Structures are given as C-alpha cells and as structure tokens.
Amino acid sequence: MYTNFFYLLRREGVPVSITEWMTLMEALSVGLAESSLSGFYYLARAVLVKSESHFDQYDLAFQTYFQGIASPEQLLDQVAQWLENPLPLKMFSEEERNELLNKLGLPDWESLKAALEERMQKQDGPHHGGNTWIGTGGTSAFGHSGFHPGGVRIGGESHGQSAVKVASERNYRDYRKDETLGIRQFEVALRRLRQFSTRLDGVKDQLDLDDTIDETCKNAGRLKLVWTRPRKNSVKVIVLMDVGGSMTPYANICSQLFSAVHKSSHFKDLKFFYFHNCIYDRLYLDASNNPRKAVKTEDILASLGPDYKVVLVGDAAMAPSELMMRDGNIFWDLSNEEPGITWLQRIAKKFPYNVWLNPLPEKYWERVHGYQTLTMVRNIFPMYELTLEGLDRAIKKLMVRK
C-alpha cells in the first residue's frame, strides 16, 4: 500500500533509494512502526531521509499521501451538526490505547474513504461515545475527542498530535536547502567563508593559555605568561550587486544579503558596489546608481589585489546589446566605450576567486527571457542559485586554492 508513497517522496525531491525502501519494508515487517501511523511517520523518516534539509519535503509528501487522516479541509454542514454538543474529551490510558491498537490495527486510506462515504450515506443523526458512526468521545474512526489508531479527525482539536498533524506543521521548513535565504541563514553561511591568517606576523598580544601552563609548570609553579599572535580571518571580499529593472522582484532577498554581509564583521576587508544589468566603466556606491556616487571600474581593478574574493549577484538576464555592444548601457545619458562582457572578463581575470549568485531558480536558466546573456555570463563566472545549497556550493568554490 505504500509504493506510491515512495514515488511521491522522489517527486518532492527526497533522494530515496531502493535499498533504503527495502530496509523500511523489512522494518515494517517486524513491527517497528507498532501499527501506528505516527510510528510509521518517524520510522520512515529515520530510514529514508538522510539529511534534515529534506525533512520538509518529507513532511509535504507525507501530508499529501495521508491527507485527511488528521484534518480534512472540507466538511459537510450535516456532519458539523452531528458533532455539535460533543461529549467531554475522553482520556484513554496507555493500556487502553495499546489494546485498541492491537484490536483495530491501521486501515489504509482508500478503505477509510470508502468507510466514510458509507457512513455519510447511512447515518441519520448524531452519535456520541460509540465505535462506528461519525461522532465524539468514542473509538469510532470518524469524529473527534475520542481515540482511534488510524481514524479521520473531523472537527475538534488534535490531542494526540497525530503524524499527519506533525507533518502539516512543517517544523523543518527553515532547514530546506532549496529555499531562498533569510538574514540569519545568510549570516550562518557566510561564516564558512573564513581563512585564518598564520601566526607568523602581527603583534603578540593574545595570551597562549596552553603554553602559559606548560611554562609555569617548567618554572616550578611560578607564573610565566606566554603571549602569541592572534589568528584573524584574512578573507577579503568584494560584493557586486545588480539592482533595478528585472532585479526588482528580488529586492527583498538582495536586501537580506546586504544586511547579512554587513553584519559579518569577521572579514579582513569588505567592498560593496552596485550596477544595473551589466558592469561597465563605473560601479556605484549605493543602490540608487547615482553617477555622482560612483567609482571607475578600472580604479577598482588597479587598486585591489587578486586575493579578493568576488561575489556577483544578479539574474544576468538582459538584452544582448547590453552585454555585447559598445554603448549598450541602458541609461540614455551614459555611454560605454567597451562592451559589458569585456569588463566582466577583466573582473574574472583579475580576481580568480569569483562566483555569481542568481536569484532566478536554476530550472529557468535555459528558457527565461534573456537566457542568451545568462548563458554567456555563466561561461565567465561559476553561477549558483541563490539558495542555501547554492550559497554553500559557491563558498566552497571560493575557498578552493588556485
């Protein structure tokens, strides 16, 4: 009965293998799910999901496959009337629950749907405290405020925290690696962009506790302080961000990146510049792209060393003329003697540690309007999607020694 669940997991992006699936079947055959849907939920997740980054996809697949087990979305008015004036919540002991589990077992969803349709056709009034009809306070598979190991809760509130309810809460949404980032996730990811200096230079102004203890012991207990040079993050970063036009829909995520980068005080040096669609002979100091607040691109190339790591952010989708032609700059009152692609090639050559982060989902890169220029930019810079997984891959690329 669970075969379609396997394929649904795969469609949601959970990398489930046949070996893992057969392991789950073996675990079910020896009763490790304890005839409980909640038991199956946790057992299947433990066996099939290798990373917490896929927990949310698992929950979505589980909720879809076992839909209605905890909270059907639409109820007939007649059923709502049957459930009015419910019995007080009945608390079942652990022994009673186990007895019911052994007696009733866990029906499959198709059987539940058929049984519910049958009850809907035959039931003519409210039933409370029973074990068959739609009601409250009993052991029927349909209703609320009672207990059934595999029933459909209709109305009321969840007291048993059933598996489908747990799945529907999507407690692991923030662990996904294919979701766009927030400030906190950006900050955590950027901390990986660290490369500590050696202890060969700088002032010895940090106490070396281990050596102090050793030297004090050697000195018959008389305190002897040993000082050393601190190790600091030696990474220098340039961020070049596309703003305006087709980047407007991504203004929020880019703003979050901006905030996270500026909160990351561990960089040895950080430069932040803006451009629109493509880089030409000027880079801007703020998002307004005000020509009075601009620096010459050639000055940046001349004054900064090749050890800077360059992160470009943009969708790379523009008119081919903006990338390939002289005077391709979209601003009417600005001209460029050399095409934008020439400036991009110069940046890539001067700063070999470079990546391009694209807020556009990767699945659209080859068919979005402007895919021609996006493809050309990808031939210059390693391009990654602006998600947590994409940023992780980009940072690993930046840290590779040339």
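Numbers for residues simply follow the sequence, beginning at 1. Predicted model only: the values in this text are computed from it and were never measured.
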Identify the heavy atoms of [X] and [Y] that sit nearest to each other, and give their distance.
X	Y	value
Asn358	Met383	ND2-SD, 3.5 Å
Leu207	Val226	CD1-O, 3.5 Å
Glu12	Ala61	CG-CB, 3.8 Å
Thr216	Lys224	OG1-N, 3.2 Å
Val311	Leu398	CG2-CD1, 3.9 Å
Glu385	Pro361	OE2-CA, 3.4 Å

Pairing residues for Tyr308 by the ring-ring contact (aromatic ring centres under 6.0 Å, His included) criterion, not counting sequence neighbours: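 ring-ring contact (aromatic ring centres under 6.0 Å, His included) check on Tyr308 returns nothing, list empty.
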Q: Please list, chain by chain and in numerical order, all residues satisfying ring-ring contact (aromatic ring centres under 6.0 Å, His included) with Tyr384, sequence neighbours excluded.
A: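 Tyr384 satisfies ring-ring contact (aromatic ring centres under 6.0 Å, His included) with no other residue.
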Side-chain donor or acceptor of [X] paired with backbone N/O of [Y] under 3.5 Å:
X	Y	value
Lys350	Ile300	no
Tyr58	Tyr41	yes
Asp56	His54	no
Arg10	Val16	yes
Trp356	Arg378	no

Kindly compute the distance separating [atom1] ([X]) from [atom2] ([Y]), expressed to the nearest 0.5 Å.
X	Y	atom1	atom2	value
Asn354	Ile238	CG	CD1	10.5 Å
Leu312	Phe275	CG	CZ	5.5 Å
Glu215	Leu225	CD	CG	11.0 Å
Met399	Tyr353	CE	OH	9.0 Å
Asn4	Arg11	CG	CZ	7.5 Å
Tyr274	Asn289	OH	CG	9.5 Å

As a quick check of understanding, evaluate side-chain contact (heavy atoms from CB on, under 4.5 Å) for Phe6 and Leu9, giving each step before the final call. CA-CA 5 Å; Phe6 170 80; Leu9 287 169; 5.6 Å; no
Taking side chain as C-beta onward, heavy atoms only, is [X] less than 4.5 Å from [Y]?
X	Y	answer
Asp208	Trp227	no
Thr342	Arg346	yes
Arg393	Pro382	no
Leu360	Leu374	yes
Met241	Phe272	yes
Glu322	Tyr280	yes
Lys236	Lys271	no
Asp211	Thr228	no

- [ ] Show your working on side-chain contact (heavy atoms from CB on, under 4.5 Å) between Tyr364 and His369 and close with a plain yes or no.
- [x] CA-CA 9 Å; Tyr364 300 126; His369 177 71; over 6 Å; no
Partner of Cys278 under side chain to side chain contact (heavy atoms under 4.5 Å, CB included), chosen from Leu323, Ile341, Thr373: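 So the option named by the test is Leu323.
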Whether over 12 other heavy atoms sit under 6.0 Å from [X] [atom1]:
X	atom1	result
Lys349	NZ	no
Met25	CE	yes
Glu26	CD	no

Would you say the ring centers of Phe381 and Phe351 fall short of 6.0 Å from each other?
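Distance test on ring centres: not under 6.0 Å, no.
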Requested in this report: For Tyr7 and Tyr65, run ring pair (Phe, Tyr, Trp, His ring centres under 6.0 Å): C-alpha distance rounded to whole Å, both residues' side-chain angles, the deciding distance at 0.1 Å, then the answer.
Outcome: CA-CA 10 Å; Tyr7 293 109; Tyr65 190 77; over 10 Å; no
Practice problem: Could you check whether the rings of Phe62 and Phe5 sit parallel, tilted or perpendicular, using 30° and 60° as the cut-offs? | Solution: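 Ring orientation of Phe62 relative to Phe5: perpendicular.
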| request: Could you check Leu48 against Val14 for side-chain contact (heavy atoms from CB on, under 4.5 Å), going step by step and ending with a plain yes or no? | output: CA-CA 8 Å; Leu48 303 177; Val14 182; 5.6 Å; no
Q.
Checking Asp281 against Glu298 for the side-chain contact (heavy atoms from CB on, under 4.5 Å) test, could you report, in this order, the C-alpha distance in whole Å, the side-chain angles of both residues, the deciding distance, and whether it holds?
A. CA-CA 7 Å; Asp281 53 357; Glu298 61 181 353; over 6 Å; no
By salt bridge (Lys or Arg N to Asp or Glu O under 4.0 Å), which residues pair with Lys293, not counting sequence neighbours?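 Residues passing salt bridge (Lys or Arg N to Asp or Glu O under 4.0 Å) with Lys293: Asp286.
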